[in-house]
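Heads up, the thing below is written out as structure tokens.
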Amino acid sequence: MKWEAAEPKTFSPSPLAPDEKIKSSQGSLLVGETLYLPSNFSDTNGKNTGGLLIRNIKTGAANRLDLKETVRGLAWDKEEEQIYVRLKKEIIVLQNSSLDIKKRIPFFQTTASWGNIGFAQGKLFEIRENKLIFYDKETGSEIEQKDLPLPKVSFAFDCSGKEIFFWHSKDGTNLHSYDPILNKIKNSLTVHLESKEAGRLSCFKNDLIVLSPESEVYQNLIRIGNDYYLGKQENSVLKGNLSYRFSPSKDTIRFVLKIAPKENSPETEIAVAIPPQETSSQTLSDEKFHPNGKLTEDKQNNRTLIIPIPALSSGQSWEETVYSAKLTRYNIDSGLTNFQTSWEDWKVPNEWKQYLEDVSVYKISDPEIIRIRDELKSSSSNVEEYIQSVYKYIRKNMVYKQDGRFDPAPTVLQNGHGSCTEHSYAQISLLRSAGIPARMAWNWLPVGEKVELNHKIAEVWHPSFGWIPMEPLAPPRTRAGLTYAKHIIFAVLNQPSHSIIKGGDTLANFTKPAGGATRSVSIELIPEISHRSAKQYGSEAEEIYQKSNPVKNRILEKYEERIVE
């Protein structure tokens with residue numbers, strides 16, 4: 001998969017003058033390349049006045065229009081190429097090219113700092129609380145009112161004239177596409193911006209852009225599925241705006257291997273699991289391997305470093321750094337909603353069919369698995385919807401319990417609880433049963449200063465995304481392909497066990513007799529900055545998805561939640 005730097009398309013209007021102040025609670029209007037900002041500034045006599053600051057987002061050219069009053073709303077009439085400027089008791093209509101005042105229309109008096117106006121189907125509209133009111137654009141007389149399917153609208157954005165975007169935070173979404181003819185919400189999206197920046201959103205060609213002189217942000221937003229993100233150079237986007245990985249955490253990772261014999265031990269050999277060079281949410285660079293090590297790969301492309309260990313006497317120990325690299329881990333979001341693949345068109349290449357196989361812990365033909373699979377397929381119109389349905393089913397019907405047992409998927413689903421490994425069994429079984437490749441990612445999810453291998457997640461394959469996470473136990477726990485848990489993945493497994501390293505959650509194992517010697521691998525993470533942030537997920541999403549409170553490892557009541565942190 002081809003990842004590219006998420007280099008933003010930025011614009012460079014002229015900076016504000018010392019006497020210019022943007023009305024922070026108000027919006028803006030972008031017409032072509034010209035940005036109109038409701039503002040206060042000094043008039044020709046040096047007194048404070050109200051009007052519009054006008055900026056060209058490409059050339060940076062700056063201008064002012066003194067209207068002697070605070071601007072409370074802006075709208076663009078594409079048919080007449082006129083700008084409607086709402087004041088307290090009237091609307092001033094400006095000719096776009098000349099900024100001449102064409103007429104003044106008496107209008108509903110408002111004391112609000114911002115009153116949303118716009119155009120839809122050739123008619124002027126106003127948003128007042130949760131009502132959509134249409135007016136004759138020539139006279140300002142009211143035509144009709146509609147109760148909106150949202151309790152409150154903070155801002156409205158007229159992008160096409162056929163639909164209106166409303167800003168209202170609800171269930172992890174905040175931008176809602178509204179059809180004024182049907183009076184219904186067509187789609188709900190999430191814009192990863194602070195609410196105070198919402199009034200700075202504008203439509204520009206096929207993009208949403210944010211234009212904020214106060215925070216000096218003038219750039220496009222990147223759409224991933226139904227989410228919009230600010231592009232940043234340090235983040236990566238999968239070609240075609242399919243996935244976005246962001247808020248990178250950069251460390252040096254180092255493996256220190258220690259062998260301690262209880263008695264004289266012969267020459268032996270040990271295998272150490274080495275992380276893959278790149279997954280959807282992590283990359284490695286500047287790798288250094290033990291000089292005597294031999295790197296091998298298995299059928300799942302898992303890397304294992306085979307290291308010869310010399311003969312050791314009782315009481316003697318062997319301790320060396322066997323691997324180090326620069327490690328970057330990201331939050332990730334994958335836009336599965338971009339696709340609606342029918343079951344008839346779903347094809348799995350031969351190289352991925354090994355991830356459709358059945359094993360004893362999956363039992364993909366078990367009646368309980370088939371029952372749930374068919375239930376979810378009947379309510380899913382395409383493959384991508386089914387993937388999300390599996391995620392939501394696990395999220396809704398299973399709670400976390402860690403008891404040392406590893407029951408097969410049908411038992412786990414019947415019990416309604418399980419460890420992270422058992423959550424993975426259940427997801428993999430439901431996906432493979434439907435003919436969708438799935439595998440287990442064997443990883444460490446940092447939970448503190450101590451480094452230990454303690455987590456498993458399922459991954460699902462899609463031809464456009466590659467492998468993406470199915471993480472129901474770490475924030476934000478909303479859908480497949482999205483997680484703010486920065487896993488360090490060591491191996492990906494077709495079956496629950498590693499092909500070379502056996503014995504449970506261990507990263508190293510002897511492959512030849514060791515005469516009773518013990519082995520241990522300590523993993524060090526050395527952050528690129530001097531201290532490690534305690535935040536688990538990036539500022540881009542912090543306000544949208546609220547963090548859940550963790551609880552101790554025990555069986556939970558249905559209303560409780562347990563997250564992996």
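This chain uses plain numbering: 1 for the first residue, then up along the sequence.
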*Between Trp352 and Trp461, what is the ring plane arrangement, given parallel below 30°, perpendicular above 60°, and tilted in between?*
tilted

*Could you go step by step and tell me if Asp298 and Ser499 meet the side-chain hydrogen bond (donor to acceptor under 3.5 Å, both in side chains) rule?*
CA-CA 7 Å; Asp298 65 12; Ser499 61; 2.7 Å; yes

*Flag for Ser381-Gln340: side-chain donor and acceptor within less than 3.5 Å*: no

*Name the orientation class of the two ring planes belonging to Tyr229 and Phe246 (parallel below 30°, tilted from 30 to 60°, perpendicular beyond 60°).*
tilted

*CD (Gln414) with more than 12 external heavy atoms under 6.0 Å*: yes

*Is the backbone N or O of Lys401 less than 3.5 Å from a side-chain atom of Ser419, with the two atoms forming a donor-acceptor pair by type?*
no

*Would you find a donor on one side and an acceptor on the other, under 3.5 Å apart, between the side chain of Lys131 and the backbone of Ile127?*
no

*Which distance, rounded to the nearest 0.5 Å, do you find between the CD1 of Ile372 and the OG of Ser429?*
8.5 Å

*Should Glu269 and Lys294 count as an ion pair when the cut-off is N to O under 4.0 Å?*
no

*With the threshold set at 4.0 Å, does a side-chain nitrogen-carboxylate oxygen contact exist between Asp333 and Arg479?*
yes

_Flag for Thr283-Glu278: side-chain donor and acceptor within less than 3.5 Å_ = no

*Please confirm whether the backbone N or O of Arg254 pairs with a side-chain atom of Ser324, one donor and one acceptor, at under 3.5 Å?*
no

*asked:* Any salt bridge linking Asp407 with Lys363? Criterion: basic side-chain nitrogen under 4.0 Å from a carboxylate oxygen.
replied: no

*Can you tell me how far SG of Cys420 sits from CG of Leu473, rounded to the nearest 0.5 angstrom?*
7.0 Å

*For Glu357 and Asn494, test the side chains for any donor-to-acceptor distance below 3.5 angstrom and give the result as yes or no.*
yes

_Donor-acceptor pair, distance only, cut-off 3.5 Å: does the side chain of Asn302 make one with the backbone of Val492?_
yes

*Measure from NZ or CZ of Lys239 to the centre of the six-membered ring of Trp3 and say whether it is under 6.0 Å with the direction within 45° of the ring axis.*
no

*Would you call Arg371 and Glu368 a salt bridge, using N to O less than 4.0 angstrom?*
yes

_Candidate pair His417 and Gln402, rule side-chain hydrogen bond (donor to acceptor under 3.5 Å, both in side chains), full reasoning_ = CA-CA 9 Å; His417 59 73; Gln402 189 180 63; over 6 Å; no

*Pairwise distance CG(Leu230) to CD1(Ile209) - rounded to 0.5 angstrom*: 11.5 Å

*Could you grab the distance from atom CD of Gln282 to atom CG of Leu327, nearest 0.5 Å is fine?*
6.0 Å

*Taking atom NZ of Lys512 as the centre, does the number of heavy atoms from other residues, nucleotides or ligands within less than 6.0 Å exceed 12?*
no

*Test: Arg329 and Asp251 ion pair at under 4.0 Å*: yes

*Do other residues, nucleotides or ligands put more than 12 heavy atoms under 6.0 Å from the NZ atom of Lys326?*
no

*Taking the side chain from Arg245 and the backbone from Asn235, do they hold a donor-acceptor pair closer than 3.5 Å?*
no

*Atom CD in Glu459, atom CD in Gln427: separation rounded to 0.5 Å?*
11.0 Å

*Counting only N and O atoms by type, is there a donor-acceptor contact under 3.5 Å from the side chain of His176 to the main-chain atoms of His168?*
yes

*Using modelled atom types only, decide if a donor and an acceptor are shared between the side chain of Lys347 and the backbone of Glu344 within a distance under 3.5 Å.*
yes

*Once the angle between the rings of His462 and Trp346 is folded into 0 to 90°, is it parallel (under 30°), tilted (30 to 60°) or perpendicular (over 60°)?*
tilted

*For His455 and Glu471, does a side-chain donor sit closer than 3.5 Å to a side-chain acceptor?*
yes

*What's the verdict on side-chain hydrogen bond (donor to acceptor under 3.5 Å, both in side chains) for Tyr323 and Glu287, showing C-alpha distance, side-chain angles and the deciding distance?*
CA-CA 7 Å; Tyr323 174 76; Glu287 292 184 295; 2.5 Å; yes

_So that I can tick it off, tell me whether Lys152 and Glu129 are bridged by a salt bridge, with the cut-off set at under 4.0 angstrom between side-chain N and carboxylate O._
no

*Distance-only, no hydrogens or angles: does the Arg519 side chain make a donor-acceptor pair with backbone N or O of Ala508 under 3.5 Å?*
yes

*Hey, could you give me the CD1/CH2 distance between Ile489 and Trp444, rounded to the nearest 0.5 Å?*
13.5 Å

*asked:* Under the criterion side-chain hydrogen bond (donor to acceptor under 3.5 Å, both in side chains), I'd like the reasoning laid out for Ser389 against Ser380: C-alpha separation, chi angles, the key distance, then a yes or no.
replied: CA-CA 7 Å; Ser389 294; Ser380 304; 3.0 Å; yes

